[in-house]
2 protein chains.
Amino acid sequence: MPKLKGTKEKILETALNLFAQSGYAATSIRDISRRVGIRESAVYNHFKSKEEIFLSIIDKYRFLDLNEKILSDELLEELTTPQRFLITFSNKLIDLWDKPEEKKFMRLLLMEQFSRISGREISVNGLLSELRTLCGMILGEMVKHGIIKKIDPEILADEFIAPLFLIRAEFMVTDESSISEVKKLVEQHVNFFWNAVRL
Amino acid sequence: MPKLKGTKEKILETALNLFAQSGYAATSIRDISRRVGIRESAVYNHFKSKEEIFLSIIDKYRFLDLNEKILSDELLEELTTPQRFLITFSNKLIDLWDKPEEKKFMRLLLMEQFSRISGREISVNGLLSELRTLCGMILGEMVKHGIIKKIDPEILADEFIAPLFLIRAEFMVTDESSISEVKKLVEQHVNFFWNAVRL
DNA sequence: AAATTATATTAACGAACGTTCATTAATTAA
DNA sequence: TTAATTAATGAACGTTCGTTAATATAATTT
């Protein structure tokens with residue numbers, strides 16, 4: 001039989017697609033294997049169970065490391081013009097969220113966050129709180145430097161993130177992203193937020 | 001055999017509990033019937049399929065009719081003191097969301113919104129947009145009466161709702177509601193929002 | 001070239017799935 | 001009182017599930 005290189009990766013990729021589309025329980029090993037192009041028994045050469053496939057996906061995408069992915073040098077240079085900074089930051093976030101794999105992963109998380117597959121906690125809050133921490137730091141610095149009003153950074157972070165997240169969630173259902181419309185909404189939000197916090 | 005009154009309701013109630021806990025696909029007719037206290041075949045005296053149970057649940061809880069549930073007379077009297085109004089409004093919303101059945105229904109919606117069980121669209125956005133419309137109207141009136149800044153009511157609605165929704169979503173995972181903590185967060189949000197929109 | 005390892009195949013397992021069936025007891029209507 | 005309806009039962013259906021075993025072949029290592 002031909003050795004198809006990268007079968008393991010293909011299984012993970014296919015499984016993410018199907019899990020994100022129909023949910024973990026509604027997706028069978030046979031569904032996955034059929035799409036990969038192998039028999040279901042061959043899957044077990046790469047993963048010892050369906051749960052292990054799921055957990056591998058979680059582990060693969062769990063590490064967002066937002067700081068690295070978003071905080072580029074060009075962004076940090078815009079810190080002197082806070083409003084621009086916030087818009088650029090938001091758009092970077094939206095672009096990140098709009099990447100197909102991030103989208104699918106978020107869908108999977110939303111669907112399975114309550115199921116606790118194999119005891120492991122699958123939380124959307126985890127991803128969110130990472131983002132909240134980052135925003136809290138940035139906005140906290142802005143407060144400290146007297147760029148914006150003196151408001152508890154945690155509150156600022158929530159107020160900044162929540163509408164962005166909702167915009168994102170809304171456009172995750174309708175698959176045709178229409179990214180320009182999203183960015184318009186983002187800009188409107190940032191303007192509102194900026195007017196709320198500017199001195 | 002004894003006739004147990006209300007079996008149909010009991011099935012719906014049990015099914016909602018299990019669907020909201022583990023998801024539709026991971027819940028079996030046997031799970032449901034066992035908890036109801038009948039054999040799985042007896043379920044089919046009341047519903048012709050598993051899907052019909054699911055759709056019955058959706059139909060039962062779909063009609064929130066927010067206006068009726070939230071807009072009480074006492075609330076409307078507070079319209080002269082907008083900040084108080086917003087806090088009362090938010091707390092009413094949180095109380096509504098905190099009702100066990102609403103909570104479970106929202107969980108179910110969050111889990112199954114992407115699955116499109118039996119073609120029927122199951123959207124969280126539907127519930128959200130109803131709320132957004134209501135808030136848009138209220139805030140639009142406030143703008144028109146010169147109570148708050150002149151900002152697009154749709155934007156105002158989004159900015160007002162999003163943090164509330166996120167607070168809600170966050171406390172849906174940790175089942176111990178700690179409603180007082182939620183209300184503190186809500187109050188902080190309303191204060192932020194009020195300061196952003198006041199003249 | 002031989003041995004080993006990795007990856008696929010076919011076949012099958014027991015368990016669980018949603019659903020149907022004939023039957024029976026209890027309730028309701030005539 | 002009888003007939004019809006309702007709601008339960010236990011058994012069985014065909015299907016699909018996750019998983020395992022035995023086996024064959026390709027790729028890699030020796």
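Every chain is numbered from 1 and lettered A, B, ... according to where its sequence line falls, protein lines coming before strand lines.
- In this structure, the CD atom of B:E52 is 15 Å from the P atom of C:dG18, given to the nearest Å.
- Across the protein-nucleic acid pair, A:I53 atom CD1 and D:dG18 atom P stand 9 Å apart, rounded to whole Å.
- Checking the phosphate oxygens (OP1, OP2) of D:dA7, no side-chain nitrogen or oxygen of B:T7 falls inside 4.0 Å.
- In summary, the side chains of A:K92 and A:S72 do present a donor paired with an acceptor at a separation below 3.5 Å, with no hydrogens or angles considered.
- Using modelled atom types and a 3.5 Å distance limit, the side chains of A:E112 and A:S115 yield a donor-acceptor pair.
- Whole-Å rounding puts the A:K48 NZ to D:dT20 P distance at 9 Å.
- Remark: A:D59 pairs with A:R62, A:R120 by the salt bridge (Lys or Arg N to Asp or Glu O under 4.0 Å) rule, at least two apart or across chains.
- Side-chain atoms of B:S41 and base atoms of C:dT19 include no donor and acceptor less than 3.5 Å apart.
- Between B:A42 and A:R34, the residue anchored nearer the 5' end of DNA chain D, judged by the nucleotide with its closest heavy atom, is B:A42.
- At a non-hydrogen distance threshold of 4.0 Å, nothing from residues 16-25 of chain A comes into contact with DNA chain C.
- Under the 3.5 Å distance criterion, the side-chain polar atoms of B:T14 are left unmatched by any main-chain donor or acceptor of B:V36.
- Using a 4.5 Å heavy-atom cutoff, the side chains of A:L131 and A:C135 are in contact.
- As a whole-Å value, the separation of B:I117 CD1 from C:dG18 P is 12 Å.
- Rounded to whole Å, atom C1' of C:dT19 lies 10 Å from atom CD of B:E40.
- Between the side chains of B:Q188 and A:D158, no donor-acceptor pair is found at a separation under 3.5 Å.
- For B:I29, taking side-chain heavy atoms from C-beta onward, the closest of the listed nucleotides C:dA8, C:dG18, D:dC17 is C:dG18.
- Atom OH of A:Y44 and atom P of C:dA11 are 19 Å apart (whole Å).
- Taking atom NZ of residue B:K10 and atom P of nucleotide D:dA7, one finds them 14 Å apart after rounding to whole Å.
- Checking the phosphate oxygens (OP1, OP2) of C:dA8, no side-chain nitrogen or oxygen of A:R39 falls inside 4.0 Å.
- At whole-Å resolution of the value, NZ in B:K8 and P in D:dA7 are 9 Å apart.
- Within the 4.0 angstrom heavy-atom criterion, no nucleotide atom of any strand lies near A:S33.
- Counting only N and O atoms by type, the side chains of A:N91 and A:T88 include no donor and acceptor under 3.5 Å apart.
- Side-chain atoms of A:N45 stay outside donor-acceptor range of the base of C:dA6, with no qualifying N/O pair under 3.5 Å.
- With no hydrogens or angles considered, no side-chain donor-acceptor pair links A:N125 and A:Q113 at under 3.5 Å.
- A residue-by-residue look at A:A26 and B:R30 shows that B:R30 has its nearest nucleotide of DNA chain D further toward the 5' end.
- Distance from the side chain of A:I38 is smallest to C:dA8 among C:dA8, C:dT19, D:dG18.
- Dashed line: the shortest gap from a side-chain N or O of A:H46 to OP1 or OP2 of C:dA6 is not under 4.0 Å.
- Here the side chain of B:K50 is nearest to one of C:dT9, C:dT19, D:dG18, namely C:dT19.
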